[in-house]
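Notes follow the structure.
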There are 2 protein chains.
Amino acid sequence: MVLKDYNKEDKVLLAVDCIIFGFDEEGLKILLIKRDFEPKKGCWSLIGGFQKKDENLDQAAIRILNHLTGLHDIYMDQLYAFSKVDRDPKERTISVAYYALIDIATHDSDLIRLDSAQWFSLKKVPSLIFDHNLMVKKAIARLRQSAMTKPIGFELLPEKFTMRQLQQLYESILNKKLDKRNFINKVNSLDILIKLEEKDMTVSRKGAYLYRFDKDKYYKKLLEGFSFKL
Amino acid sequence: MVLKDYNKEDKVLLAVDCIIFGFDEEGLKILLIKRDFEPKKGCWSLIGGFQKKDENLDQAAIRILNHLTGLHDIYMDQLYAFSKVDRDPKERTISVAYYALIDIATHDSDLIRLDSAQWFSLKKVPSLIFDHNLMVKKAIARLRQSAMTKPIGFELLPEKFTMRQLQQLYESILNKKLDKRNFINKVNSLDILIKLEEKDMTVSRKGAYLYRFDKDKYYKKLLEGFSFKL
DNA sequence: TTTAATAAGTGTCTATTTTACACTTATTTT
DNA sequence: AAAATAAGTGTAAAATAGACACTTATTAAA
């Protein structure tokens with residue numbers, strides 16, 4: 001064989017589905033939409049769409065997310081390619097899943113126009129179309145893994161946040177209670193937070209100091225990675 | 001929109017490329033082939049092929065690996081989908097990379113018929129076609145990550161092996177020297193090895209005890225995971 | 001204005017894990 | 001019999017992780 005004939009090869013539809021993690025005072029959630037088209041019209045599903053010829057998968061994921069939710073400038077990462085032959089009953093489709101992290105409050109305004117979308121707590125995710133529940137499961141596992149090896153939070157928390165919020169974020173992700181003092185000591189040892197003068201007075205009578213991430217140090221740690229045993 | 005017209009969507013060629021890691025007395029290597037077809041005939045490349053309609057990606061990876069190398073019953077894992085628009089100059093192609101782990105000696109006989117294939121030490125990987133060097137880089141990073149969070153070695157070592165071989169494997173993967181005593185202590189604490197009566201007398205005058213993996217405990221640890229700081 | 005209620009904030013001690021480090025042993029070849 | 005080779009072995013110090021309880025600032029209610 002001298003020339004491989006690409007034309008003889010099967011082509012497939014390539015979809016992108018997005019697992020959008022959000023965080024608010026109730027904990028970690030994912031964003032789902034009620035499908036308004038067949039197949040599986042009326043069922044809950046991840047946000048998704050098809051890749052176009054002139055874009056790579058990252059771009060497709062960003063476009064689809066923005067188009068369906070209005071969200072922009074969102075952190076996204078590729079998760080996994082799902083390829084079971086009959087995963088989409090209508091036509092052979094391979095789906096590359098991406099996951100995104102956002103702070104729900106910060107992006108609330110973007111999402112207001114989305115009446116068919118809804119946030120679901122991780123523990124209350126309904127039955128989804130196709131293999132979307134599997135995608136969600138895998139995304140949670142990945143997020144958990146990430147939480148223990150690199151700083152996350154930057155994307156999921158508002159610019160200013162309290163230690164308690166950060167702890168609650170980690171508790172949601174890891175699905176377990178953490179000790180307040182140990183958590184603070186650990187986080188402080190990472191040296192990626194800046195303590196502000198300002199206090200958040202809405203959550204308690206005493207008020208809680210606000211922090212923000214030191215972006216430079218945050219991204220440095222992101223590259224290095226660490227082992228965060230919690 | 002009530003019915004989404006799948007037919008309007010772009011279809012693409014979906015390729016699978018395999019990063020095959022092998023281990024022998026010289027260390028960790030990857031298997032490359034010299035392409036005998038266009039484009040890029042004569043260049044070094046990963047083993048790859050196209051996915052067919054009636055198979056999922058895992059199956060495609062297994063088929064391609066077996067077809068091109070004769071290897072079978074090989075551990076493989078999906079790595080990442082590479083989708084840069086012009087990654088393949090001939091036609092728009094998305095490639096899902098898989099990586100495989102094998103013990104070179106054990107599979108030598110399978111590979112004998114492959115005169116266009118060659119093992120390259122990780123440090124001497126030549127320039128490859130398309131984005132294959134990027135794939136290799138990402139696969140090494142993944143392998144390194146895996147080595148620290150779950151037991152590997154089962155696939156890369158012969159059935160019976162010495163502690164030194166296991167240590168050399170980890171040294172190759174992590175690309176650093178490890179302390180002999182600390183390594184043994186750590187490995188023993190995992191409780192996944194069975195020490196045999198038998199010694200390997202080929203490597204030293206004193207001989208070295210052979211070990212084998214306790215499959216049950218090995219797979220149990222694989223599910224649990226661990227933190228292996230080396 | 002005093003009291004009660006709420007969540008924030010703070011430090012130490014113990015257990016576990018990780019790291020550093022050097023000599024003896026079994027065997028073969030000379 | 002001596003020399004050479006790689007295997008095999010343990011302990012102490014340092015770093016990290018985990019357990020644990022009281023005080024403080026503030027507001028709302030009495």
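When reading the values below, keep in mind they use all heavy atoms of this one structure, side chains included, and skip hydrogens, waters and symmetry mates. Throughout, a chain's letter reflects where its sequence line sits, starting with A, and its residues are numbered from 1.
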Per the atom types in the model, does the base of C:dA8 pair as donor or acceptor with the side chain of A:Arg181 at under 3.5 Å? no
The side chain of B:Lys180 lies closest to which of these nucleotides: D:dT9, C:dT29, C:dT10? D:dT9
For atom CG of A:Asn185 and atom P of D:dC20, their distance in whole Å: 16 Å
Could you tell me if the side chain of B:Arg144 sits less than 4.5 Å from the side chain of B:Leu174, heavy atoms only? yes
Side chain of A:Lys206, base of C:dG9: donor and acceptor closer than 3.5 Å? no
Interatomic distance where CE belongs to A:Met148 and C1' belongs to D:dT16 [whole Å]: 17 Å
With the side chain defined as heavy atoms from C-beta on, B:Met201 is closest, among D:dA17, C:dT28, C:dT10, to C:dT28
In sequence, state the C-alpha distance, the side-chain angles, and the governing distance for A:Tyr80 and B:Tyr80, and then conclude on ring pair (Phe, Tyr, Trp, His ring centres under 6.0 Å). CA-CA 7 Å; A:Tyr80 195 79; B:Tyr80 196 79; over 10 Å; no
Students often mix this up, so state it plainly: with edges at 30° and 60°, are the rings of B:Tyr219 and B:Phe154 parallel, tilted or perpendicular? perpendicular
To the nearest angstrom, the CZ-C1' distance between B:Phe226 and C:dT18 comes to 15 Å
Over 60° means perpendicular and under 30° means parallel, so classify the ring planes of A:Phe228 and A:Phe183, tilted if in between. perpendicular
Hey, are the side chains of A:Met148 and A:Phe226 touching, using non-hydrogen atoms and a 4.5 Å cut-off? no
Would you indicate which nucleotide in C:dC21, D:dT5, D:dA7 comes nearest to any side-chain atom of B:Ala208? D:dA7
Using a heavy-atom cut-off of 4.0 Å across all strands, would you classify A:Lys186 as base, sugar-phosphate, or nothing? sugar-phosphate
Comparing nearest nucleotides in DNA chain C, the 5'-proximal residue of the pair B:Gly207, B:Lys229 is B:Lys229
Distance in angstrom units between B:Tyr170 OH and C:dT18 P, rounded: 14 Å
Atom pair distance, as rounded to whole Å: CD in B:Gln165 and P in D:dA7: 10 Å
Distance in angstrom units between A:Leu210 CG and C:dA8 P, rounded: 12 Å
In whole angstroms, the gap separating C1' of C:dT10 from CG of A:Asp179 amounts to 12 Å
Using the side-chain heavy atoms of B:Arg205, tell me which of these nucleotides is nearest: D:dG10, C:dT27, D:dG8. C:dT27
Looking only at N and O atoms, is any donor in the side chain of A:Asn182 or the base of D:dA19 less than 3.5 Å from an acceptor on the other one? yes
Whole-Å distance between C:dT19 P and B:Ile184 CD1? 16 Å
For D:dA7, does OP1 or OP2 lie under 4.0 Å from any side-chain N or O of B:Arg164? yes
